[in-house]
Amino acid sequence: MGQFAQTIKFKYALYERRISSVTLITGFIFDNLTLRRIDQLFDVLALSFYVVLSGLCILGLGILDRKRERGEIHEDWHFWLLITLQFAFGGLFSAFFIFYTRSGAFASSWPFFLALAGLLIGNEIFKARYSILIFRVAIYFFVLFSFAALYIPVLLSKMGDNIFILSGLVSLLLIWIFLHLLGRILPETIYRIRRQLMTGIIGIYAVINLLYFTNIIPPIPLALKEVGVYHTLTKTGNAYIVSEEERPWYSFLQRRTYHTTLGETAYVVSAVFAPTDLETTIVHEWQYFDESRGDWRTVSQVKFDIIGGRVKGYRGYSLKSNITPGKWRVNIETERGQLVGRIKFRVERVSTPPSLETKTFL
């Protein structure tokens, strides 16, 4: 290795913690600004690049491991491949965190969000563990499954249990092909650790399925763009004209309160983004907090179909006539109960109607 490369390696080792912290923050900000839509070509190519790059790095590290078995030591190449693998995994974890958090509510998906955050932050300290073949293969399978769960619904313009199961089967096929290639490079090693590899892969597969079927994994690729509760709603052409209470600029710091007169109707309008041509069903679940029982009771459910492609999301609404005072929330869900988003508000009965302002729900 040349003197310049040796200098870079030395400087990196000297300032590794600072470089890792800066890279984590700037990379996450950059991804958050550039990764806008899951069905855009740039986003697809960016994530595909990271997936392919990380796979090539693992294969490259396998080649170096084989050379090491023969007594050939290539520490410099090993160092740079680990750095590149860390970079690729970091880009993937950042993208997964961004897309999955956009697609679900923290209230129901927080365990999965924390797991992704742990991988994103932990990626900066995983360098030593990436030297372990079983660990890097296990992480790569998680990457393949997450990638498939993101993009197979986009590719097929469908979502649901069958599509998720298909995503899992595709990820198993991909990791089988990958292990076959790795086995050509390290036949004795792969044979020796085959049980540990299979245990790790099956364990990750089972956990991800458990999280999905308990509605902890967000309903990728949907994303709630906007939701609000309004006093009136009029549909004029393609526009939704709504009226809401006048609020100060700092109202986002306050508890949302809906002041209603006797017999008034409340409207909840949502805009849910879906990739182009994807068709699915959205549910507005109205729930009232029963103070005597101490839990939320479902009052009504309103279903409507949406079609993907609109940048600001497909709009839909539901209403509740003669809404009673108390704590309310409306869950925006998929048909199988995955929480896309939620709006919570307290209803207070007043004798004089509040001052309203009209706006267009975009």
Side-chain angles (χ1 to χ4, degrees), residues 12-13 16-17 19-21 23-24 27 47 49-69 73-97 100 111-149 168 171-211 217:
Y12 179 85
E16 183 173 358
R17 288 188 178 181
I19 293 173
S20 296
S21 299
T23 301
L24 171 65
L47 266 70
F49 169 75
Y50 286 139
V51 170
V52 173
L53 179 62
S54 56
L56 291 175
C57 286
I58 295 173
L59 293 175
L61 288 168
I63 293 173
L64 294 183
D65 290 342
R66 180 65 180 272
K67 289 181 177 293
R68 178 173 296 179
E69 292 175 356
I73 306 299
H74 298 274
E75 291 296 337
D76 291 333
W77 280 106
H78 192 269
F79 171 83
W80 290 112
L81 279 174
L82 280 180
I83 293 298
T84 306
L85 179 62
Q86 188 179 28
F87 163 77
F89 278 161
L92 286 165
F93 298 152
S94 177
F96 291 157
F97 186 81
Y100 277 101
F112 187 72
F113 293 161
L114 290 182
L116 286 177
L119 287 172
L120 175 59
I121 298 172
N123 182 60
E124 303 305 320
I125 60 175
F126 283 164
K127 181 183 173 184
R129 290 187 175 274
Y130 288 152
S131 298
I132 304 172
L133 179 59
I134 294 175
F135 184 79
R136 56 182 183 250
V137 169
I139 294 294
Y140 193 55
F141 176 65
F142 175 83
V143 163
L144 291 174
F145 201 152
S146 301
F147 182 79
S171 66
L172 287 173
L173 174 62
L174 291 175
I175 199 65
W176 180 82
I177 295 173
F178 183 77
L179 287 176
H180 180 72
L181 294 174
L182 201 56
R184 300 289 294 272
I185 298 170
L186 292 166
E188 295 179 2
T189 302
I190 295 299
Y191 181 78
R192 186 175 67 252
I193 63 173
R194 66 190 186 283
R195 291 184 179 178
Q196 295 96 313
L197 285 172
M198 290 301 101
T199 299
I201 290 170
I202 292 173
I204 292 171
Y205 178 81
V207 169
I208 294 178
N209 275 273
L210 176 65
L211 294 176
I217 291 182

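FYI, the numbering just counts along the sequence from 1.
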Engineer: Roughly how far, to the nearest 0.5 Å, is the CG atom of Asp65 from the CD1 atom of Ile58?
Structural biologist: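 Output value for this atom pair is 11.5 Å.
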
Engineer: Quick one: side chain to side chain donor-acceptor pair (under 3.5 Å) pairs with a partner in residues 188-204, sequence neighbours left out?
Structural biologist: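 The answer is Glu69-Thr189.
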
Engineer: So do Ile185 and Leu181 actually touch side chain to side chain, heavy atoms under 4.5 Å?
Structural biologist: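 Contact flag for Leu181/Ile185 side chains = no.
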
Engineer: Considering residues at least two apart in sequence or located in another chain, which fulfil the ring-ring contact (aromatic ring centres under 6.0 Å, His included) criterion with Tyr140?
Structural biologist: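 With sequence neighbours excluded, Tyr140 shows a ring-ring contact (aromatic ring centres under 6.0 Å, His included) to Phe178, given in chain and number order.
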
Engineer: Between the side chain of Ser171 and the main-chain N/O of Gly168, is any donor-acceptor distance below 3.5 Å?
Structural biologist: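 Indeed, once roles are kept as given, a pair shorter than 3.5 Å links the two residues.
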
Engineer: Run the side-chain contact (heavy atoms from CB on, under 4.5 Å) test against Leu81 and tell me which residues pass, sequence neighbours left out.
Structural biologist: Cys57, Leu61, Leu64

Engineer: With sequence neighbours left out, what residues match Asn209 under side chain to side chain donor-acceptor pair (under 3.5 Å)?
Structural biologist: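 Scan of Asn209 (side chain to side chain donor-acceptor pair (under 3.5 Å), adjacent residues dropped) gives none.
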
Engineer: So how far is it from Phe87 CZ to Ile83 CD1, rounded to the nearest 0.5 Å?
Structural biologist: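 One finds 11.5 Å between CZ of Phe87 and CD1 of Ile83.
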
Engineer: How close do Ala95 and Leu47 get, counting heavy atoms only, and between which atoms?
Structural biologist: CB-CD1, 3.6 Å

Engineer: Taking side-chain contact (heavy atoms from CB on, under 4.5 Å) as the test, write out the residues that go with Leu116, two or more places apart.
Structural biologist: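 Expected list: Phe96, Phe97, Tyr100, Phe112, Phe142.
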
Engineer: Does the pair Val207 and Leu211 meet the rule for a side-chain contact (heavy atoms from CB on, under 4.5 Å), with working shown?
Structural biologist: CA-CA 6 Å; Val207 169; Leu211 294 176; 4.2 Å; yes

Engineer: Enter the distance from Ile63:CD1 to Leu182:CG here, rounded to the nearest 0.5 Å.
Structural biologist: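 Ile63 atom CD1 to Leu182 atom CG measures 9.5 Å (nearest 0.5 Å).
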
Engineer: Using the ring-ring contact (aromatic ring centres under 6.0 Å, His included) criterion, which residues pair with Tyr205? Sequence neighbours excluded.
Structural biologist: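 ring-ring contact (aromatic ring centres under 6.0 Å, His included) check on Tyr205 returns Phe145.
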
Engineer: Val143 versus Phe93: any side-chain heavy-atom pair under 4.5 Å?
Structural biologist: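 In short, these two side chains touch, coming nearer than 4.5 Å.
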
Engineer: Got a second to check how far Ile139's CD1 is from Leu92's CG, nearest 0.5 Å?
Structural biologist: 11.0 Å

Engineer: Please report the closest heavy-atom contact between Arg184 and Arg66, naming both atoms and the distance.
Structural biologist: O-NH1, 4.4 Å

Engineer: What distance do Ile217 atom CD1 and Ser146 atom OG have between them, rounded to the nearest 0.5 Å?
Structural biologist: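 Rounded to the nearest 0.5 Å, the CD1-OG separation comes to 7.5 Å.
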
Engineer: For the atom pair CD1 (Ile175) and CD1 (Ile201), what is the distance rounded to the nearest 0.5 Å?
Structural biologist: 5.0 Å

